[in-house]
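When a ligand or atom number is given, it counts from 1 through the structure's own listing order. Side-chain atoms are counted along with the backbone in the values below, which use heavy atoms only and exclude waters and symmetry mates. Residues take their numbers from the sequence shown, with the count starting at 1.
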Amino acid sequence: MQVKLGQSVLEIVEGDLTRQDTDALVNAANPSLRGGGGVDGAIHRAGGPKILEECLQIGGCPTGEARLTTGGNLKARYVIHTVGPVYKDGSHGEPQLLASCYRESLKLASAKGIKTVAFPSISTGAYGYPLKEAARIALQTVKEYLAQHPEITLVRFVLFEKTAYEEYEEALKSV
Ligand code: APR
């Protein structure tokens, strides 16, 4: 599913983030930037050791912020590592921190001249963020950013499970 927002395209697909050929992939990392399971594990496995080398030089990333490394062996030239909030009950700043992940990742992309970006569904796996609410925040934040930043020509959400794709498809209709 795709929507046109001015010069930019916002699309959602079902698939594997690590196989995307956008300029950058966004990783759902943890504050240590030392790798993990889920998307994080898949990106490091597919991208190779150069990504971790640069992550270790960076040293870490606070929740809600984003850091850039090489894409290593990935088709994508860059990986933007962002750290989502661990979901507690929604009243500990989780919505604001999740929105910040998307906004800070795109700000980094704009600063680097990156035009096409693929995102996973941040925080909705190990970090337990409820999918419906996370999808709404993700799409709303990206839509607001693209309205001001035509330099980003494509944002693609890559959902690993059909259930996630369906939630994002539903949310996209109402943002
Ligand atoms: N492509 C696209 N999406 C994927 C992939 C993949 N290859 N693998 C997993 N996902 C999906 C999950 O199904 C989930 O919907 O990405 C979403 C985010 O899940 P996680 O990877 O668990 O990320 P998150 O919930 O943000 O938790 C981050 O998990 O892997 C560790 O080091 C990471 O500690 C950090 C935590």
Side-chain angles (χ1 to χ4, degrees), residues 1 10-49 51-69 71-76 78-90 92-106 108 116-139 141-142 154-172:
M1 181 177 178
L10 173 54
E11 72 175 350
I12 53 172
V13 301
E14 197 181 334
D16 179 343
L17 183 72
T18 64
R19 306 190 52 73
Q20 302 306 310
D21 60 354
T22 47
D23 297 340
L25 305 184
V26 177
N27 181 23
N30 62 62
S32 75
L33 293 187
R34 290 174 177 270
V39 172
D40 203 358
I43 282 181
H44 283 283
R45 260 193 316 280
I51 299 176
L52 184 59
E53 268 166 44
E54 290 192 12
C55 283
L56 295 177
Q57 280 162 10
I58 292 166
C61 180
T63 299
E65 293 190 23
R67 298 290 185 272
L68 184 91
T69 70
N73 306 325
L74 292 165
K75 288 183 207 160
Y78 299 104
V79 176
I80 294 170
H81 304 262
T82 192
V83 178
V86 175
Y87 189 79
K88 294 182 186 67
D89 58 10
H92 288 76
E94 299 99 318
Q96 294 75 15
L97 284 166
L98 185 61
S100 175
C101 285
Y102 290 98
R103 196 176 310 112
E104 291 304 313
S105 296
L106 289 173
L108 209 47
T116 62
V117 180
F119 280 100
S121 175
I122 295 166
S123 279
T124 61
Y127 280 2
Y129 214 112
L131 202 51
K132 188 182 283 288
E133 179 59 8
R136 189 189 61 73
I137 292 170
L139 292 165
T141 306
V142 168
L154 169 68
V155 171
R156 178 183 299 153
F157 281 88
V158 184
L159 291 321
F160 209 43
E161 301 97 2
K162 190 147 189 57
T163 48
Y165 177 84
E166 287 164 354
E167 278 300 348
Y168 272 73
E169 190 180 37
E170 198 52 41
L172 189 54

Passing option when His81 is tested against Leu108, Ile58, Leu68, Ile51 for side chain to side chain contact (heavy atoms under 4.5 Å, CB included): Ile51
Matching residue for Pro85 among Pro95, Ser123, Ser100 - test: side chain to side chain contact (heavy atoms under 4.5 Å, CB included): Ser123
Considering only non-hydrogen protein atoms, determine which one is nearest to [atom] and report residue, atom name and distance to 0.1 Å.
atom                    : answer
atom 13 (O) of ligand 1 : Glu161 OE2, 2.5 Å
atom 10 (N) of ligand 1 : Val39 CG2, 3.4 Å
atom 25 (O) of ligand 1 : Gly125 N, 2.8 Å
atom 15 (O) of ligand 1 : Thr124 OG1, 3.2 Å
atom 36 (C) of ligand 1 : Tyr127 CE1, 3.4 Å
atom 6 (C) of ligand 1  : Phe160 CD1, 3.5 Å
atom 23 (O) of ligand 1 : Ala28 CB, 3.6 Å

Numbering the atoms of ligand 1 from 1, which are under 4.0 Å from a heavy atom of [X]?
X      : result
Gly37  : 30 (O), 31 (C)
Asp16  : 1 (N), 6 (C), 7 (N)
Val158 : 2 (C), 3 (N)
Ser121 : 17 (C), 18 (C)
Gly36  : 30 (O), 32 (O)
Gly38  : 8 (N), 21 (O), 30 (O)
Asp40  : 30 (O), 32 (O), 33 (C)

Looking only at distances, please establish whether an N/O atom of ligand 1 is found under 3.5 Å from an N/O atom of [X].
X      : result
Ala126 : yes
Pro120 : no
Asn30  : yes
Leu17  : yes

Hey, are the side chains of [X] and [Y] touching, using non-hydrogen atoms and a 4.5 Å cut-off?
X      : Y      : answer
Phe157 : Leu139 : yes
Thr69  : Leu33  : no
Glu170 : Glu166 : no
Asp21  : Arg156 : yes

Taking the side chain from [X] and the backbone from [Y], do they hold a donor-acceptor pair closer than 3.5 Å?
X      : Y      : value
Thr18  : Ile43  : no
Tyr102 : Ile122 : yes
Glu94  : Asp89  : yes
Glu104 : Gly64  : no

Whether over 12 other heavy atoms sit under 6.0 Å from Lys132 NZ: no
Residues Arg34, Asp40: salt bridge by 4.0 Å N-O rule: no
contact_flag Ser123 ligand 1 heavy-atom lt 4.0 Å: yes
Close approach, Gly128 and ligand 1, non-hydrogen under 4.0 angstrom: no
